[in-house]
A.B. asks: 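Pasting a structure below so you can have a look.
Everything quoted here is computed from the prediction, not taken from an experiment. Within every chain, numbering begins at 1; the chains are lettered A, B, ... in the order of the sequence lines, protein sequences first and strands thereafter.
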Number of protein chains: 2
Amino acid sequence: MTVTLADVAHRAQVSPATVSRVLNGNYPVAAATRERVLRAVKDLDYVVNGPASALAASTSSLVGILVNDIADPFFGIMASAAQAQISGAEGTPGAIGGEKLAVVCNTGGSPERELTYLTLLQRQRAAAVILTGGAIEDPDHSAAVAAKLARLAEAGTRIVLCGRPPLPPSAGSPVTATLSFDNRAGARRLTGHLLALGHTRIGYVAGPAERTTTRHRLEGHRAALAAAGVADDPARTLHGAFDRASGIAAATRLLDAEPGLTAVVAANDTIALGVCTAARARGLRVPEDLSVAGFDDLPSATDTVPALTTVRLPLIEAGARAGLLAVTRETSHGPDGVETVPAELVVRGSTGAIRGA
Amino acid sequence: MTVTLADVAHRAQVSPATVSRVLNGNYPVAAATRERVLRAVKDLDYVVNGPASALAASTSSLVGILVNDIADPFFGIMASAAQAQISGAEGTPGAIGGEKLAVVCNTGGSPERELTYLTLLQRQRAAAVILTGGAIEDPDHSAAVAAKLARLAEAGTRIVLCGRPPLPPSAGSPVTATLSFDNRAGARRLTGHLLALGHTRIGYVAGPAERTTTRHRLEGHRAALAAAGVADDPARTLHGAFDRASGIAAATRLLDAEPGLTAVVAANDTIALGVCTAARARGLRVPEDLSVAGFDDLPSATDTVPALTTVRLPLIEAGARAGLLAVTRETSHGPDGVETVPAELVVRGSTGAIRGA
DNA sequence: TAGCGCATAGAAAGCGCTTTCTAAGAGTGC
DNA sequence: GCACTCTTAGAAAGCGCTTTCTATGCGCTA
């Protein structure tokens with residue numbers, strides 16, 4: 001049947017214990033012995049039995065990356081960076097254990113599936129779990145997630161939040177590290193930029209109401225308006241999904257209701273692209289007739305003409321850092337294990353001074 | 001410490017064997033006993049130890065979905081459909097085992113990472129593996145993949161190809177089922193459509209040269225030209241990546257070299273969107289001055305004005321079917337387990353009759 | 001009433017690793 | 001030259017399940 005560790009041991013003329021030690025590299029083995037074992041491994045084309053290994057060591061080599069929407073580049077970029085980091089982290093100083101299997105789990109934004117995946121990963125005794133993207137703002141669900149994370153942490157699973165707000169810092173929080181995107185500050189700067197250009201009638205296309213990311217960005221937007229003494233007309237804010245169709249629909253409604261808008265801020269770049277499309281469809285030029293701004297600085301933000309003014313989130317860096325924190329003994333800088341990821345304003349062609357200003 | 005099956009057995013006043021049987025549902029257990037066990041499971045918040053279970057049963061509940069590019073909606077859509085199907089397939093007639101953990105592994109198009117992931121999934125004794133997207137046309141790599149798949153199949157892992165060409169049908173092929181996209185026929189129809197509109201100077205923006213998908217679509221394109229007796233000028237074909245930037249770059253070069261082109265066919269929709277952008281950037285109207293066509297019929301194909309003429313691939317259906325084949329005892333229709341997924345021409349606004357025709 | 005089969009549940013032997021505990025040599029210092 | 005430490009490797013006991021084999025009790029038929 002399949003080759004087992006015992007077969008390797010036999011061929012290398014050593015005990016199973018020695019083979020295990022060579023493969024896991026956590027115990028001194030004489031160079032000659034090691035060579036012999038590695039040769040036998042290669043000769044027999046031996047592949048470790050993961051479940052057996054996980055059972056004995058009571059931790060597996062699985063790292064789960066939870067994403068809200070697998071088809072959204074925002075998550076794709078982070079997940080891909082995290083995976084690359086984890087795959088390459090084997091030899092990293094401080095690395096925990098050997099080669100990891102980084103896998104992404106798509107919750108589709110559904111609270112139930114988020115919980116299901118967490119349970120499934122718990123069942124697999126995952127080495128680490130990375131949760132990306134905003135959390136769902138439902139008290140019941142948050143509590144259920146927190147409880148699940150506590151169970152995971154108890155079993156030794158490292159937990160990294162990437163782009164999520166920190167969990168309430170209770171004593172003995174289950175979370176290993178949190179990378180918190182500074183959505184509020186970024187949004188504040190973005191709207192501040194538009195205000196500085198003279199805009200005061202600014203529409204806002206928000207994301208799904210129940211996401212923390214949506215709320216934080218909206219709060220930043222409103223804070224900027226308030227700071228500038230500009231009244232915030234609630235009718236100028238519309239909620240939708242984080243996608244292009246949503247941007248088209250919302251922009252259309254917004255401009256129908258108030259054709260005098262001179263700028264529209266979108267909760268992310270994909271929505272912003274939709275807003276641009278909608279604007280052009282009704283004959284408005286960007287930015288001459290309408291300034292449009294996005295958020296995230298996805299690659300697609302520079303695909304259009306003019307390129308999008310947006311807020312840059314270092315997704316690749318954040319994803320990679322999340323991966324690193326997940327599989328090494330490295331601990332987080334920052335108080336309570338929370339690292340704030342900066343959100344930087346990037347001014348491009350899609351925003352301009354208000355006419356006559 | 002953590003709750004084990006023995007704890008549950010003790011609480012339910014039954015033997016561990018009975019608990020196992022209740023949880024796996026593969027053996028008759030009296031209703032009353034089952035109830036008692038399920039109560040105990042709930043009371044203790046018991047979660048199966050996946051590795052232990054996998055070790056004893058010599059198969060895990062992991063299903064790996066390999067994708068070339070996690071940030072590409074083409075893969076996102078298929079993967080997401082497959083995941084949804086697998087998560088929901090637990091009770092399906094013919095289902096193999098219980099709840100599965102469907103995870104996606106991003107190879108980034110790298111042959112090494114493809115092999116690495118396959119090995120890692122082998123190590124985890126995955127229940128099934130789904131390989132999506134075109135294969136890499138390198139004899140060494142193909143052989144290595146085939147060998148790896150053989151090892152996986154030997155260990156009981158089901159293997160489903162989705163959007164890949166069938167493996168050479170050797171006796172005892174390791175592949176459980178193949179969903180082969182009919183790229184050639186689709187491409188032939190698409191170019192046929194342009195020829196029917198009177199176009200003869202048609203540019204082609206191909207994908208990466210080493211992918212089977214690229215080759216098949218290009219072959220279809222050329223077959224259509226040949227069938228119409230239109231000479232195929234190799235200079236009109238440019239290879240690039242499957243992304244928008246590639247489309248912009250290639251279209252620019254193509255139109256610089258031969259401004260008289262009246263149509264450009266792209267190897268996929270994302271490239272086509274880039275072609276549209278490049279065309280507009282040089283003042284060409286689509287479709288009046290230049291017809292543009294894509295492939296795949298991604299959601300973004302209808303986001304633009306005019307919407308893209310393209311070839312529809314039923315990605316959701318294919319992904320779901322792949323998921324089903326992966327986790328149920330269902331076998332593939334079609335000879336050698338190969339099912340051909342049709343590619344249907346979708347005519348929209350981005351293609352038009354040649355001027356004066 | 002004896003005997004048989006069927007439905008249900010327990011006992012126990014692993015699955016293939018990891019890791020603790022133990023042992024055997026090989027150096028080293030006095 | 002002897003006791004001691006240090007390095008290296010083996011023996012063996014599980015890790016928590018699944019599953020085969022076995023046992024029990026019950027409802028039948030003859």
A.B. asks: Indicate whether OP1 or OP2 belonging to D:dT18 is found under 4.0 Å from a side-chain N or O atom of B:Ser53.
C.D. replies: yes

A.B. asks: For B:Leu44, is the CG atom crowded, meaning more than 12 foreign heavy atoms sit under 6.0 Å from it?
C.D. replies: yes

A.B. asks: Please report, rounded to the nearest Å, how far the C1' atom of D:dC15 is from the CD atom of A:Gln124.
C.D. replies: 16 Å

A.B. asks: Taking atom types as modelled, find out whether B:Ser61 and A:Gln124 have a side-chain donor-acceptor pair closer than 3.5 angstrom.
C.D. replies: yes

A.B. asks: On DNA chain D, does the nearest nucleotide to A:Arg36 precede the nearest nucleotide to B:Asn49 from the 5' side, or the other way round? Give the residue.
C.D. replies: A:Arg36

A.B. asks: Which whole-number value in Å describes the distance from A:Tyr27 OH to C:dT20 P?
C.D. replies: 10 Å

A.B. asks: Between A:Arg34 (CZ) and D:dT7 (P), how many Å, whole number?
C.D. replies: 15 Å

A.B. asks: Would you kindly compare B:Ala17 and B:Ala52 by the position of their nearest DNA chain C nucleotide and give the one closer to the 5′ end?
C.D. replies: B:Ala17

A.B. asks: For B:Ala57 and B:Ser15, take the nucleotide of DNA chain C holding the closest heavy atom to each; which residue's nucleotide lies nearer the 5' end?
C.D. replies: B:Ser15

A.B. asks: Any side-chain donor-acceptor pair under 3.5 Å between A:Thr107 and A:Ser110?
C.D. replies: no

A.B. asks: Specify the residue among B:Arg21 and B:Leu55 whose closest nucleotide of DNA chain D lies further upstream toward the 5′ end.
C.D. replies: B:Leu55

A.B. asks: Using a cut-off of 4.0 Å on non-hydrogen atoms, how would the nucleic acid contact of A:Asp7 be classed: base, sugar-phosphate, or nothing?
C.D. replies: nothing

A.B. asks: Tell me: CG of A:Asn24 to P of D:dA9, nearest whole Å?
C.D. replies: 16 Å

A.B. asks: Verify the neighbour count for atom NE2 of A:His10: are there more than 12 heavy atoms of other residues, nucleotides or ligands below 6.0 Å?
C.D. replies: no

A.B. asks: Can you tell which of D:dC17, D:dT19, C:dG16 lies closest to the side chain of B:Asn26?
C.D. replies: D:dT19

A.B. asks: How close or far is atom C1' of D:dT19 from atom CG of B:Leu5, stated in whole angstroms?
C.D. replies: 13 Å

A.B. asks: If you look at every strand shown and take non-hydrogen atoms under 4.0 Å, does B:Ala30 touch a base, only sugar-phosphate, or nothing?
C.D. replies: sugar-phosphate

A.B. asks: Can you name the closest pair of heavy atoms from A:Ser87 and B:Arg113 and give their distance?
C.D. replies: OG-NH2, 4.3 Å

A.B. asks: Can you find a side chain N or O atom of A:Thr33 that sits less than 4.0 Å from OP1 or OP2 on D:dA9?
C.D. replies: yes

A.B. asks: Does D:dG10 have OP1 or OP2 under 4.0 Å away from a side-chain N or O of A:Thr18?
C.D. replies: yes

A.B. asks: Quick one: is A:Tyr46 getting a side-chain N or O under 4.0 Å of the C:dC17 phosphate, OP1 or OP2?
C.D. replies: yes

A.B. asks: With respect to the phosphate group of C:dC15, does any side-chain polar atom (N or O) of B:Ser58 fall under 4.0 Å of OP1 or OP2?
C.D. replies: no

A.B. asks: Would you indicate what B:Ser20 reaches in the nucleic acid, counting non-hydrogen atoms under 4.0 angstrom: base, sugar-phosphate, or nothing?
C.D. replies: base

A.B. asks: Ignoring hydrogens and angles, are the base of D:dG16 and the side chain of A:Arg125 linked by a donor-acceptor pair under 3.5 Å?
C.D. replies: no

